[in-house]
Amino acid sequence: MARRKLLFGNWKMNKTIAESKAFAEESKKLLAFAKEKGVDIGVAPVYLSLAAVKEVNPELTVAAENCHFEDHGAFTGEIAIPMLKEIGIDWVIIGHSERRTYFAETNETCNKKLLALQAAGMTPIYCVGETLAEYEAGKTKEVVKEQVLKGLKGLSKEYMEQVVIAYEPVWSIGTGKNASKEIAQDICGFIRELVRGEFGDVADKVRILYGGSVKPENVHDYLLQKDVDGALVGGASLKVESFKQLIENI
Ligand code: PGA
């Protein structure tokens, strides 16, 4: 079964509401272009801009960059899933390495969030990846295996069909140091087999993205790999022109 290519922009803590709206306006053309090319696209703005982006371009897939696993309660500064649903958001990035590193996100909290998203029928992009020290110690597969198995624990086979996983080696994020296409294929293939081991042949439907210093110049090489179904892109997704080139070069 052919998996549709997916190109997702993670804007991180960038763009004001006004800037996000300007991108959303331009994204109408981007989306038409992506459709022509048979590529799915989406963006993840900060919470404050989610509603604005959705309003300007309701057709665009828009993800939150995080969420809480409880529906409401005493969690100062957090955003709950029903609040995202209320404004038409049905995708969420979970476990990005910056959240794991700076905000103490663990495989266990990611699992709670993924289970809550499953209950809400929303689509996650679950991020995994090893740090530089882990990479240098040859522990990539050990770390990724734990992140995948603990994070996805308890999800149903049916739900797995809509789960997106992103492999992002931490040492390659925002550093310009790309993982080679061989590494990307090796680990994305490894993740697919882990999913197969736990959930069976739905693994062939799960989209696995590579992320970390993806640019218009290298996106094609990654996408040629058989287990790489798309890219999660930070820096190069912020400008419309560069996003367009990413779509073009896929
Ligand atoms: P980058 O970020 O493309 O700027 O390396 C990727 C990510 O963090 O998702």
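Counting from 1, the numbers follow the sequence of the chain as shown. In each ligand, atom 1 is the first atom listed, and ligand 1 is the first ligand listed.
- Checked for salt-bridge contact, Lys12 and Glu98 meet the test: a charged N lies under 4.0 Å from a carboxylate O.
- Residues meeting the ring-ring contact (aromatic ring centres under 6.0 Å, His included) test with Phe8, sequence neighbours left out: Trp91.
- Distance alone, capped at 3.5 Å, is enough to place a donor-acceptor pair between the His220 side chain and the Asn249 backbone.
- In this structure, Arg3 does not pair ionically with Asp40, as no charged nitrogen and carboxylate oxygen lie closer than 4.0 Å.
- Looking at Lys113 and Glu105, a side-chain N of the basic residue comes within less than 4.0 Å of a carboxylate O on the acidic one, giving a salt bridge.
- Using a 4.0 Å cut-off between charged nitrogen and carboxylate oxygen, Asp201 and Arg196 count as a salt-bridge pair.
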With the criterion set at N/O pairs under 3.5 Å, what does the list of contacts between the protein and ligand 1 look like, atom names and distances included?
residue  : atom  : partner : partner atom : Å
ligand 1 : 2 (O) : Lys12   : NZ           : 3.2
ligand 1 : 2 (O) : Gly234  : N            : 3.4
ligand 1 : 3 (O) : Gly234  : N            : 2.8
ligand 1 : 4 (O) : Gly235  : N            : 2.9
ligand 1 : 5 (O) : Gly174  : N            : 2.6
ligand 1 : 5 (O) : Ser213  : N            : 2.7
ligand 1 : 8 (O) : Lys12   : NZ           : 2.7
ligand 1 : 8 (O) : His96   : NE2          : 2.6
ligand 1 : 9 (O) : His96   : NE2          : 3.3
ligand 1 : 9 (O) : Glu168  : OE1          : 3.3
ligand 1 : 9 (O) : Glu168  : OE2          : 2.6

